[in-house]
Every structure is written in C-alpha cells, then in structure tokens.
Amino acid sequence: MHEMSLAEGVLAIIEEQAAKSGFARVKTVWLEIGALSGVETEAMRFCFDAVTRGSVADGAALEIVAVPGTSWCMQCSASVPVAERYDPCPRCGGYQLQVQGGAEMRVKELEVE
C-alpha cells in the first residue's frame with residue numbers, strides 16, 4: 001500500500017504551505033490523480049484520513065479529480081485515450097504507445113481558513 005507514503009507526502013506539502021502562508025486549518029484538499037498513476041483512490045482516501053489526524057488538515061475533505069490517461073501512438077501519429085498502461089492503441093491495436101498524461105498525482109488546490 002504505497003498510498004500511505006503518498007498521503008504522508010501530501011501532508012508534508014500541506015504543512016509546508018501552512019508554515020509559509022500562516023493558515024491554521026485546511027477545509028478541503030483537491031488532489032489530481034491520473035488514471036495511469038497506479039494510485040487506488042479509495043486507499044488514498046483511507047490513508048489521507050489516517051495521516052492527517054491531529055494535523056492542520058484533520059477533518060479536511062479530500063476531493064479527488066480524476067485525470068484520464070493519454071498516450072502517443074507511434075503508428076497512428078496521434079494522441080489516444082488509454083485506460084491502463086500496456087493497453088493497445090484503441091485506433092490501430094498497436095502497442096507502440098508512449099504515455100503523455102494521466103501518470104501524475106498532485107495537490108491541485110487547498111481551501112484554508
């Protein structure tokens with residue numbers, strides 16, 4: 001369950017921003033998670049809730065923004081949508097794909113008070 005270490009990383013980002021900006025509480029965290037990132041969203045919710053207890057983000061809502069996966073197909077010379085890594089190209093069925101998007105996870109926004 002690598003989501004626990006990812007949630008700890010998110011909390012570190014939040015605490016760093018709290019120290020820089022001087023806010024006392026986080027109400028909502030928007031987290032972008034790509035379809036190809038390998039992050040299980042329900043596990044991430046569980047881990048986020050566990051690691052934020054007693055912190056500046058204790059009780060904060062976690063809003064997950066799903067980012068679709070996209071790859072560049074070398075045979076089609078086009079960007080194509082993909083649901084999972086190592087899926088074939090939905091246009092030509094080829095496997096010469098290079099991931100372009102959807103592999104990331106990032107803190108997009110914080111609502112604070």
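No experiment lies behind these values; they were computed from the predicted model shown.
Between the Asp87 side chain and the Glu84 main chain, a donor and an acceptor come within less than 3.5 Å of each other. The backbone N or O of Ala18 lies less than 3.5 Å from no partner atom in the side chain of Ser21, so there is not a single donor-acceptor pair.
One distance of note links CH2 of Trp30 with CG of Leu62; it measures 10.5 Å at 0.5 Å rounding. Taken from CD in Gln17 to CG in Leu110, the straight-line distance is 7.0 Å, to the nearest 0.5 Å. Here CG of Leu6 is found 11.5 Å from CD of Glu40. Values are rounded to the nearest 0.5 Å.
The hydrophobic clustering, which links ILVMFWY residues whose side-chain heavy atoms are closer than 4.5 Å, places Met74 and Val80 apart. Note on Val39: it does not cluster hydrophobically with Val99, by side-chain heavy-atom contacts below 4.5 Å among ILVMFWY residues. In the hydrophobic cluster analysis, where Ile, Leu, Val, Met, Phe, Trp and Tyr join through side-chain heavy atoms closer than 4.5 angstrom, Met44 is grouped apart from Leu11.
Counting heavy atoms from C-beta on, the side chains of Arg25 and Val112 never come closer than 4.5 Å. Glu3 is not listed as a side-chain neighbour of Phe46, based on a closest heavy-atom distance of 4.5 Å or more. With a 4.5 Å cut-off on side-chain heavy atoms, Gln75 and Cys92 count as touching. Trp72 places none of its side-chain heavy atoms less than 4.5 Å from the side chain of Leu97. Glu15 is listed as a side-chain neighbour of Ser55, based on a closest heavy-atom distance under 4.5 Å. Ile13 is not listed as a side-chain neighbour of Glu16, based on a closest heavy-atom distance of 4.5 Å or more. Side-chain contact between Val10 and Met105: present, with at least one pair of heavy atoms (C-beta onward) separated by less than 4.5 Å. Cys76 is listed as a side-chain neighbour of Cys89, based on a closest heavy-atom distance under 4.5 Å.
Contact between Gly101 and Glu104 at its shortest, heavy atoms only, is C-OE1, 4.0 Å. Contact detail for Thr28 and Ala60: the closest heavy-atom pair is N-CB, 4.4 Å. Nearest heavy atoms, His2 versus Gly38: NE2-O, 3.1 Å. Minimum interatomic distance between Ala24 and Val56 (heavy atoms only, all atoms of both residues): O-CG2, 3.0 Å. Across every non-hydrogen atom of Val82 and Ser71, the tightest pair is CG2-OG, 3.5 Å. The nearest pair of heavy atoms linking Tyr86 to Tyr95 is O-CE2, 3.5 Å.
Under 4.0 Å is where a charged nitrogen must lie from a carboxylate oxygen, and between Arg53 and Asp49 at least one such pair does.
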**Report entry** Ile33/Leu31 under side chain to side chain contact (heavy atoms under 4.5 Å, CB included): CA gap, chis, key distance, verdict
**Finding:** CA-CA 6 Å; Ile33 297 178; Leu31 194 60; 4.2 Å; yes
Requested in this report: Apply side chain to side chain contact (heavy atoms under 4.5 Å, CB included) to Val29 and Phe48, showing your working.
Outcome: CA-CA 10 Å; Val29 177; Phe48 178 81; 3.8 Å; yes
Requested in this report: Would you check, one step at a time, whether the test side chain to side chain contact (heavy atoms under 4.5 Å, CB included) holds for Glu63 with Lys108?
Outcome: CA-CA 10 Å; Glu63 298 290 336; Lys108 181 179 181 192; over 6 Å; no
Report task. Kindly determine whether Glu111 and Val26 satisfy side chain to side chain contact (heavy atoms under 4.5 Å, CB included), including the steps that lead there. Result -> CA-CA 6 Å; Glu111 180 182 14; Val26 177; over 6 Å; no
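One side chain, Ser79 or Gln100, offers a donor N or O that lies under 3.5 Å from an acceptor on the other.
In this structure, Glu113 places its CD atom where more than 12 heavy-atom neighbours from other residues, nucleotides or ligands lie under 6.0 Å away.
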